[in-house]
K.L.:
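My questions all concern the structure below.
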Amino acid sequence: MESLLPLLIQLGSGAIGGNVAGKVMPQNSLGTLGNSIVGIAGGGIGGTILSMIMGGAAAGGGLDIGSIISSVAGGGVGGGVMMAVIGIVRGMMNK
């Protein structure tokens, strides 16, 4: 369970990041469910990339405050970025 907790944090913060990005950019919003789904995917990807960059420190070597903060940051930013990219692409395809 200890190795799954950072992933769950990344996915949850990705969903939050996707919804925050949807509120900040309402013209690119995918709706609450769409923002959440894309944010979850982006949170997983963003958290994985951050853990690779940090040399595995964020990947669940332990449950210290640093790994929790990096999981939240990677997931939230990844979710927001993924939602923004998908929203912009969707908007361009609708024109």
Side-chain angles (χ1 to χ4, degrees):
M1 179 67 182
E2 192 170 305
S3 63
L4 287 178
L5 192 57
L7 177 63
L8 294 174
I9 292 171
Q10 292 166 0
L11 298 178
S13 62
I16 293 169
N19 281 297
V20 168
K23 294 291 181 193
V24 171
M25 302 180 307
Q27 70 277 8
N28 296 326
S29 179
L30 305 172
T32 303
L33 182 62
N35 292 344
S36 295
I37 292 171
V38 172
I40 288 169
I45 294 168
T48 301
I49 291 172
L50 184 63
S51 69
M52 289 181 350
I53 290 172
M54 294 183 64
L63 284 179
D64 59 350
I65 190 71
S67 68
I68 292 172
I69 290 173
S70 62
S71 293
V72 170
V77 170
V81 168
M82 179 76 98
M83 200 297 301
V85 169
I86 297 294
I88 290 169
V89 169
R90 187 183 131 240
M92 292 172 70
M93 290 176 62
N94 287 339
K95 289 185 179 181

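Hydrogens, waters and symmetry mates play no part in the numbers below; they use all other heavy atoms, side chains included.
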K.L.:
Kindly compute the distance separating CE (Met83) from CD1 (Ile40), expressed to the nearest 0.5 Å.
P.N.:
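The distance works out to 13.5 Å.
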K.L.:
Taking all non-hydrogen atoms of both residues, which atom of Met82 and which atom of Gly42 are closest, and how far apart?
P.N.:
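The answer is CB-CA, 3.7 Å.
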K.L.:
Identify the heavy atoms of Ser71 and Ser13 that sit nearest to each other, and give their distance.
P.N.:
O-OG, 3.7 Å
K.L.:
Does any pair with a residue in residues 74-86 pass side chain to side chain donor-acceptor pair (under 3.5 Å), and if so which ones, sequence neighbours excluded?
P.N.:
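Non-adjacent pairs meeting side chain to side chain donor-acceptor pair (under 3.5 Å): zero.
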K.L.:
Mind checking whether Val85 and Leu30 sit in one hydrophobic cluster, side chains of I, L, V, M, F, W, Y counted as touching below 4.5 Å?
P.N.:
no
K.L.:
In chain order, what residues pass the side chain to side chain contact (heavy atoms under 4.5 Å, CB included) check against Val20, with sequence neighbours excluded?
P.N.:
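By the side chain to side chain contact (heavy atoms under 4.5 Å, CB included) rule, Val20 matches Ile16, Val24.
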K.L.:
Distance-only check: which donor-acceptor pairs under 3.5 Å involve side-chain atoms of residues 43-50, not counting sequence neighbours?
P.N.:
from  : atom 1 : to    : atom 2 : distance (Å)
Thr48 : OG1    : Gly44 : O      : 2.7

K.L.:
For a side-chain hydrogen bond (donor to acceptor under 3.5 Å, both in side chains) check, start with the C-alpha distance between Asn19 and Ser36, then their side-chain angles and the critical distance, and finish with the verdict.
P.N.:
CA-CA 6 Å; Asn19 281 297; Ser36 295; 2.8 Å; yes
K.L.:
Can you name the residues that form a side chain to side chain contact (heavy atoms under 4.5 Å, CB included) with Val77, not counting sequence neighbours?
P.N.:
Val81
K.L.:
If you look only at distance, which donor and acceptor atoms sit under 3.5 Å apart when one is on a side chain in residues 86-95 and the other is two or more places apart or in another chain?
P.N.:
from  : atom 1 : to    : atom 2 : distance (Å)
Arg90 : NH1    : Ser29 : O      : 3.1
Asn94 : ND2    : Arg90 : O      : 3.4

K.L.:
Name all residues meeting the side chain to side chain contact (heavy atoms under 4.5 Å, CB included) criterion together with Ile37; count only those two or more places apart in sequence or in a different chain, and write none if there are none.
P.N.:
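For Ile37 the side chain to side chain contact (heavy atoms under 4.5 Å, CB included) partners, ignoring immediate neighbours, are Leu33.
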